[in-house]
Amino acid sequence: GALKPAAGPRVLNDFLADKSYIEGYVPSQADIAVFEALAAPPPAEFYHALRWYNHIKSYEKQKASLPGVKKALGKYGPADVEDTTGAATDSKDDDDIDLFGSDDEEESEEAKKLREERLAQYESKKSKKPAVVAKSSILLDVKPWDDETDMAKLEECVRSIQADGLVWGSSKLVPVGYGIKKLQIQCVVEDDKVGTDMLEERITAFEDYVQSMDVAAFNKI
């Protein structure tokens with residue numbers, strides 16, 4: 001193997017007992033060089049080395065962009081890690097495939113568990129976020145039958161309409177000619193709960209006062 005069978009992981013484990021990385025405080029090419037020299041994950045008893053190995057493995061996709069220059073293995077860390085960096089061949093690539101393949105059941109279970117935990121955290125964070133309620137501001141024109149219609153009563157009827165997601169706003173009477181005035185009234189609605197059809201149906205139901213209803217303006221909020 002690339003490491004002296006017993007000494008390699010043990011020396012690496014002792015070296016990493018109080019360090020996170022082969023050099024410095026961030027993952028670097030030094031870690032990649034030592035990582036690639038290992039033919040297999042360190043045995044579980046060398047847990048410092050295994051922790052480091054799994055951590056560096058997570059940088060597999062970014063390894064080319066990690067800082068530092070990849071040097072010969074003998075220049076790093078434990079002295080009796082055998083230098084195999086110069087001798088990488090095609091068969092080395094096959095090792096890598098095995099290494100990250102399905103043999104590594106235990107690791108993939110652990111990785112899966114971690115991914116599921118992260119996903120659950122993300123989901124619970126997302127569910128705590130208040131959902132954005134789509135609302136619209138609507139300006140309605142409510143026309144009476146004639147100039148005899150009691151407009152105060154007409155407005156009272158309109159405002160008596162209550163629904164979840166409906167809030168009445170300001171209103172005014174606007175002359176339309178021949179002494180007739182229409183009621184112009186604003187409301188804010190939650191789009192999922194209240195629509196203009198429903199408003200028209202409820203308002204024109206007051207048929208003693210209301211001739212018709214039109215939407216004068218409609219704006220999403």
Side-chain angles (χ1 to χ4, degrees), residues 1-135 190-192 220-221:
L3 281 167
K4 291 179 182 168
R10 180 175 288 116
V11 174
L12 187 62
N13 189 61
D14 294 346
F15 179 75
L16 290 164
D18 57 353
K19 297 179 185 62
S20 296
Y21 302 103
I22 301 296
E23 283 184 347
Y25 300 102
V26 293
S28 69
Q29 293 301 330
D31 295 291
I32 297 298
V34 178
F35 176 84
E36 288 182 346
L38 291 169
E45 69 204 78
F46 302 126
Y47 54 89
H48 296 300
L50 187 61
R51 163 185 54 74
W52 165 85
Y53 177 91
N54 286 332
H55 183 57
I56 299 307
K57 182 175 169 180
S58 72
Y59 286 94
E60 180 66 8
K61 293 198 168 43
Q62 301 110 283
K63 67 180 179 187
S65 61
L66 293 178
V69 180
K70 212 159 158 187
K71 294 179 283 198
L73 205 58
K75 306 274 193 302
Y76 301 122
D80 67 344
V81 173
E82 210 176 293
D83 183 1
T84 58
T85 44
T89 60
D90 288 346
S91 68
K92 175 84 182 66
D93 291 345
D94 296 341
D95 286 351
D96 278 0
I97 292 162
D98 285 345
L99 195 60
F100 302 114
S102 56
D103 295 347
D104 212 352
E105 291 286 309
E106 205 177 329
E107 164 61 17
S108 63
E109 278 303 309
E110 208 173 296
K112 191 170 145 198
K113 204 167 124 191
L114 190 68
R115 193 179 69 240
E116 280 166 5
E117 275 171 24
R118 289 211 178 123
L119 205 62
Q121 277 173 352
Y122 169 73
E123 285 298 336
S124 74
K125 235 186 228 163
K126 208 168 65 171
S127 64
K128 284 191 186 106
K129 242 190 211 166
V132 179
V133 177
K135 292 184 178 181
E190 288 181 28
D191 296 350
D192 287 349
K220 294 270 179 215
I221 299 177

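If you're wondering where the values come from, they're calculated on a predicted model, not measured in any experiment.
- The backbone N or O of Ser28 lies less than 3.5 Å from a partner atom in the side chain of Asp31, making a donor-acceptor pair.
- Checked against ring pair (Phe, Tyr, Trp, His ring centres under 6.0 Å), Tyr47 has no partners two or more places apart in sequence or in another chain.
- How far CD1 of Ile32 is from NZ of Lys57: 13.0 Å, rounded to the nearest 0.5 Å.
- The CD1 atom of Ile56 sits 11.0 Å away from the OH atom of Tyr53 when rounded to the nearest 0.5 Å.
- If you take CD1 on Ile221 and CD on Glu190, they are separated by 10.0 Å, rounding to the nearest 0.5 Å.
- Among residues two or more places apart in sequence or in another chain, the salt bridge (charged side-chain N to carboxylate O under 4.0 Å, His left out) test is passed with Asp191 by Lys220.
- Cation-pi geometry between Lys19 and Phe15 is met: the NZ or CZ atom falls under 6.0 Å from the ring centre, inside 45° of the normal.
- Side-chain contact between Lys113 and Glu110 is absent, with no heavy atoms from C-beta onward closer than 4.5 Å.
- Residues Leu12 and Phe46 have side chains not in contact (no heavy-atom distance under 4.5 Å, counting atoms from C-beta outward).
- The minimum heavy-atom distance linking Pro42 with Leu50 is given by the pair O-CD1, 3.3 Å.
- Taking CZ of Phe35 as the reference point, atom CH2 of Trp52 lies at 7.0 Å (rounded to 0.5 Å).
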